[in-house]
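I have placed the structure first, in the form of structure tokens, so that the comments after it can refer back to it.
Hydrogens, waters and symmetry mates are skipped; everything else that's a heavy atom, side chains included, is used.
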Amino acid sequence: MGVNLLFMADSFVLTPYPWQQSAWQQLCSQVRDQKLPHALLVTGPQGIGKHHFVKSAAQLLLCLSPINELACGSCKTCKLMAAGSHPDFITLMPEEGSKVIKIDQVRHLTDFVSKTPQQGLHKVVIIGPVESLNNNSANALLKSLEEPAGSTTLLLVSHSPSLLMATIRSRCQKIEFSIPSNTESLQWLTPLVVGHNVDYLLECANGAPLAALDLIGTDKLDYRQKFAEGLNGIAEQKVSPLDVAKELQKIEPIEHVETMLNWLQHALKYGVDGTESSHFQENELLSFIQTTPQELVFRLMDKLFIVKRQILSGANPNKQLLLEELLLDWDALSSRSEKRLSARKSLLSGLN
């Protein structure tokens, strides 16, 4: 959904997104001048098309007859890529049911790298997200990064490069993507989401256009409204944090953390420019956060960032206990009575 495709004959070619054109031209220049590094580390927030970019690059590198700095889509290798059966291309990602890339997978990569190409001049490996490597698999990958076969290009994708081993980062040339401009995102997204509030979708996705598109046809927007209603109820002392936690217990912890961060960050932003969300429950919540002392908001944000980092590092917290803790922190932050204000200071003192 929303993937940039150029259909040619009986195949297709992946094309970079509009906000990736500068990086794509740089990549093509390196390929043309035969100066492409053996390892590229593509970084940036989720939802902006990093994996799409490296898959497009893999298509180009493996194509036997590129046209206008894109894969041709019709040669034998392009057809093998389209069928998912190219012998000179592999992808490493966490296996189904796992959150980590295991050492056995990296050993398979090492064996793949040691062989000569079967179809053309190149072999290509996509690894991502690289922060899914555990310590053993990360150390095993270093050998391929230090002594790569001349015909192999490693394309690494990372959402959080700060979590990577410094020795991995130092062995890769970096391509850093940021959130596209609002104009670019709106131009690309608007034709794809007719009947939806595009600004609100981008707001929910922190400006990431692909993440905004992925909200359509899922229950994520309903979850946001339910979560906002629960936080409003806690702030108004109409419902207990534990009751709200029971209603939302099936949602993954990272969703709770990122959604709360989204609201806190937007509330601080709206406090400056006066912009409002487009949904009543969220407007009410954002307005409430704006009346809360910023010091307390920043303390809660600090805790959320710490928890997010722990989760991305591979921690597997108890869903129910983590949500209950976050909602109790919110209860403390949102207290209004004098008695509860005193409790708030005590509870929030631990958020640092």
Hydrophobic cluster identity match, [X] and [Y], side-chain contacts under 4.5 Å:
{"X": "M165", "Y": "I103", "result": "no"}
{"X": "L64", "Y": "L80", "result": "no"}
{"X": "F298", "Y": "F288", "result": "yes"}
{"X": "L323", "Y": "I254", "result": "yes"}
{"X": "L268", "Y": "F305", "result": "yes"}

Ion pair [X]/[Y], N-O distance below 4.0 Å:
{"X": "K246", "Y": "E324", "value": "no"}
{"X": "D111", "Y": "K115", "value": "yes"}
{"X": "R299", "Y": "D302", "value": "no"}

State, with a plain yes or no, whether a side-chain heavy atom of [X] is found less than 4.5 Å away from one of [Y].
{"X": "V125", "Y": "F89", "result": "no"}
{"X": "C72", "Y": "C78", "result": "yes"}
{"X": "R309", "Y": "L163", "result": "yes"}
{"X": "S56", "Y": "W24", "result": "yes"}
{"X": "T152", "Y": "H122", "result": "no"}
{"X": "P45", "Y": "N206", "result": "no"}
{"X": "E69", "Y": "R32", "result": "yes"}
{"X": "V157", "Y": "I127", "result": "no"}

Worksheet item: E236 and K238: salt bridge (charged side-chain N to carboxylate O under 4.0 Å, His left out), yes or no, with the steps?
Response: CA-CA 5 Å; E236 296 168 2; K238 293 180 179 179; 3.1 Å; yes
State whether a side-chain donor-acceptor pair under 3.5 Å links [X] with [Y].
{"X": "S151", "Y": "K123", "result": "yes"}
{"X": "Q119", "Y": "T77", "result": "no"}
{"X": "S137", "Y": "N134", "result": "yes"}
{"X": "Y17", "Y": "E184", "result": "no"}
{"X": "D243", "Y": "S240", "result": "yes"}
{"X": "H86", "Y": "K79", "result": "no"}

Specify the closest pair of heavy atoms between [X] and [Y], including all atoms of both residues, with the distance to one decimal.
{"X": "L189", "Y": "A212", "value": "CD2-CB, 3.7 Å"}
{"X": "A208", "Y": "I48", "value": "CB-CG2, 4.1 Å"}
{"X": "P191", "Y": "V194", "value": "O-CG2, 3.7 Å"}
{"X": "I101", "Y": "P129", "value": "CD1-O, 3.9 Å"}
{"X": "K319", "Y": "I251", "value": "CD-O, 4.1 Å"}
{"X": "L154", "Y": "S144", "value": "CD1-O, 4.1 Å"}

Does [X] use its side chain to pair, donor to acceptor, with the backbone of [Y] at less than 3.5 Å?
{"X": "W330", "Y": "L231", "result": "yes"}
{"X": "E247", "Y": "V244", "result": "no"}
{"X": "Q105", "Y": "M93", "result": "yes"}

Discussion item. For N135, I'd like to know if atom CG has over 12 heavy atoms of other residues, nucleotides or ligands within 6.0 Å.
Written reply: no
Worksheet item: Does F177 have any ring pair (Phe, Tyr, Trp, His ring centres under 6.0 Å) partners at least two apart in sequence or in another chain, and if so, which?
Response: F53
Item to complete: For H256, check ring pair (Phe, Tyr, Trp, His ring centres under 6.0 Å) against everything at least two apart and list the hits.
Response: Y223, F227
